[in-house]
Amino acid sequence: MQRIKKAHTLFLAFIVGAILVLGGCSSSSSDSSEESDGSKVIKFMHIWPPGSSKTQNQIVESVVEKYESDNPGVKVQVEYLENEQYKDKIKVLSSSNELPDVGVTWAAGYLKPFVEGDLIADLTDVLAKDNLKDQFVGGTTEAYAFDGKTYGLPIELNIAPVYYNKEIFEQNGLEVPTSYAEFVDVVKTLKAGGVTPIALGNKEGWTGSLWYMYLADRIGGSTLISEAIAQEVSFENPALEQAAADFKELAELGAFSKGTNGLSNDEAKVEFLNETAAMYLMGSWELPNFTTSDETTQEFKDKIGYFNFPNYESNAGEAESWIGGPGVGLFVSENSKVKDESKEFIRYFIEEWGKQSFTKAGVIPATKVDTSSLDLPQMNIDVLDDLNKAKNITLFADVQMPASAAEVHYNLLQSLVSGEITPADFTKQTEESLKSAK
Amino acid sequence: MNRLKASKLDILIYVGPALVLLLGIVYIPILQTGYFGLMEWNGIGQKTFVGLENYFVLLQDTKFWSSAYHSLILAVASIISLVFYLAIAVILASRIKGANLLRKIYLIPMLLASVAIAQLWMKIYNPTNGMLNIFLMKIGFENPPAWLGDANLALYAIILPTIWQYAGFYILIYYAALKNVPESLVEAARIDGASSLQIATKIKLPLIMNVVKVTIVLAAVGSLKYFDLIYIMTGGGPSGSSEVMASYMYNTAFNKFDFGYGSAIGFFLLIICLVATFIIQRLTISDKDLY
């Protein structure tokens, strides 16, 4: 009996202890926007873990450090997660109204629900102050604007060139194509030569969408696809159907990696890096792999060039038009207790980021870069110059489309590749999904 | 005997913490999911009450029913695979040489994280550099299939690693159950001249029937709500050909930002699992009366 009682007491003591410990956890992690010494704390969540995005992570660290030393009394508490996990976590945090003071966001369609839910602060005043807006490349902040108010400030700008392996092109006696007909010939020659013409991992859908967007842009002109997505005109348009037919034809020619629908973008990229595939259409965020990164050899880097997607015959589109768009931007939480400090912080961050991101990480900032004063690999400079010359940037499909329609769009592209649907089905079903998403 | 030996306070103290955790982590979220399923909600903004509309849409959603059909295929495959697990367990339990080592080998896949298994099999299935296709090309197939990239094969290509993944778990359960069969019964049967096969099917199997029933329920319900490998290996694609109910729920809620509808799918999935459990128990109950 005595022993039972003892066990009993021990158990109770354990429970009490556990409650105390758990209680301690919750009080130490509770949202305090002030440290014990009275300094203010800005919580900043970003998407560059030191493992997979080392240089970006280092830039953030250095900017934060500099900001803290320039602004005594303000501390920045940094937390990072990998892309997809970040999106999930932000989702959960926002439903319980606990967004970080400053965080990373994507443009247009992704941002919209946060704006409608009054969770994100209007940053128009930040842009207006000291003409900050003039520092951005034209058209980049607009992707974050709703009803004339800007809710996010972009820190990245991407365009999607076609990277190609010069050596493979030479071995097959090929030149950079200047029209779509020539491009198809290039594909056929490469295929006959036993090389995978295009590395494409279409499992994720957005990758195939890049090809479709270019075809639509070249055939229908640079505004048609955007108007169709915005439902100003119907998606069931001959030009957009032709683009789907051409995309399907490329798949039938065997232009894409074998089993492309089951390959992730990373798996497909390996084919290009291993030089078993000749071309790879991807955002300019891949540039470091072909210029500065330590992970590829110099020998490989020398073989890689890029070209813009060629003009279509009797086209309405033009080669100075690119598919691209602002990548991620920064937001400030509407319910932040340190809103003013957070606004100051992102302003500071954007300026510092603009100075460092391109030279160090090869990430093109959304703010203007003066290439003449920089010591950069030639390919980086060329891309940047092309970007400055660009007559038009058509935004990525997933930036323009509502999330539900983008999902359908990706699925339909996979079905086009596998031959389950016709180009006419493609435009019809895309139109339906865009309508119902309205 | 019926007199409570402990005071009510003691019962509360001992049961309380687990009860609070269970309520907070399992039952309240289930009710919440049911509640969200009645809303039109993008996960962030205003919720609008729409009554049972989400469920009406769900009943007519062909994508949902095709994902339900895929889940059913998965469930049938895992129940059939139980036969193989059982056969292996019977052999292992019959005191063959090296049974101990083999048992551990079979258990290894269970010790790996789902993500690791998925990555491993994605490498095996890679259409150009994968082990499987290189092997097929070596033995003369000119154009081996693209497995995960082929809409007709993707689902089956995922079922194989799932069966492999859970082999250790079920073999372990069966092995433990078979070891509990009294040796005297087996010896008595042997003296009466029963063959090894007869001992296995007539003596051992009936004695572990209760365990088999439990594993059938586990396999069926586990398959109906299966998610991990599918999410990582194909994400439900190509064009929805390997979508199961749980991945459809995830895609709806997190990729299409339709939390209301996603919650409705989740709640409906729960109901399907409960019904399946009930039906399987009903179907197997008659066996119990025989012994």
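Just so you know, these numbers come straight off a predicted model, no measurement behind them. A, B, ... follow the sequence lines: proteins, then strands. Residue 1 opens every chain. Hydrogens, waters and symmetry mates are skipped; everything else that's a heavy atom, side chains included, is used.
Between atom CE of residue B:M131 and atom CD1 of residue B:I124 there is a gap of 5.0 Å, rounded to the nearest 0.5 Å. A distance of 5.0 Å separates CZ in B:F267 from CD1 in B:I271, rounded to the nearest 0.5 Å. Atom CD in A:E116 sits 10.0 Å away from atom CG in A:L111 (nearest 0.5 Å). Here CG of B:L12 is found 9.5 Å from OG of B:S7. Values are rounded to the nearest 0.5 Å. Atoms OG and CD1, on B:S242 and B:I230 in that order, are 6.0 Å from each other to the nearest 0.5 Å. In this structure, the separation between OH on B:Y35 and NZ on B:K47 is 5.5 Å, given to the nearest 0.5 Å.
Of the atoms belonging to B:F257, heavy atoms from both backbone and side chain fall under 4.5 Å from chain A. Interface remark: B:F259 contributes side-chain atoms only to the contact with chain A (heavy atom separation under 4.5 Å). If you measure heavy-atom distances from B:A151 to chain A, the contacts under 4.5 Å come from the side chain alone. Of the two parts of A:E204, neither the backbone nor the side chain holds a non-hydrogen atom closer than 4.5 Å to a non-hydrogen atom of chain B. Heavy atoms of B:W41 lying under 4.5 Å from chain A belong exclusively to its side chain. Using a 4.5 Å cut-off between heavy atoms, B:D258 does not touch chain A at all. Interface remark: A:S415 contributes backbone and side-chain atoms alike to the contact with chain B (heavy atom separation under 4.5 Å). For chain A, no part of B:Y261 is nearby; none of its heavy atoms comes within less than 4.5 Å. With a 4.5 Å cut-off on non-hydrogen atoms, B:M122 touches chain A through its backbone and its side chain both. Of the atoms belonging to B:N152, not a single heavy atom falls under 4.5 Å from chain A.
Side-chain contact annotation: A:W206 with A:N265, donor-acceptor N/O pair under 3.5 Å absent.
Highest contact tally toward chain A, considering only B:T128, B:T234, B:N129, B:N133, is held by B:T234 [criterion: heavy-atom pairs under 4.5 Å]. Comparing B:G149, B:G240, B:S241, B:S239 by heavy-atom pairs within less than 4.5 Å of chain A, the highest count is held by B:S239. Heavy-atom pairs under 4.5 Å with chain B were tallied for A:S94, A:S257, A:P113; the largest tally goes to A:P113.
No more than 12 heavy atoms of other residues, nucleotides or ligands lie within 6.0 Å of CD in B:E40, so this atom counts as exposed by the packing criterion.
Between B:I158 and the options B:I232, B:I163, B:L229, a side chain to side chain contact (heavy atoms under 4.5 Å, CB included) holds for only B:L229.
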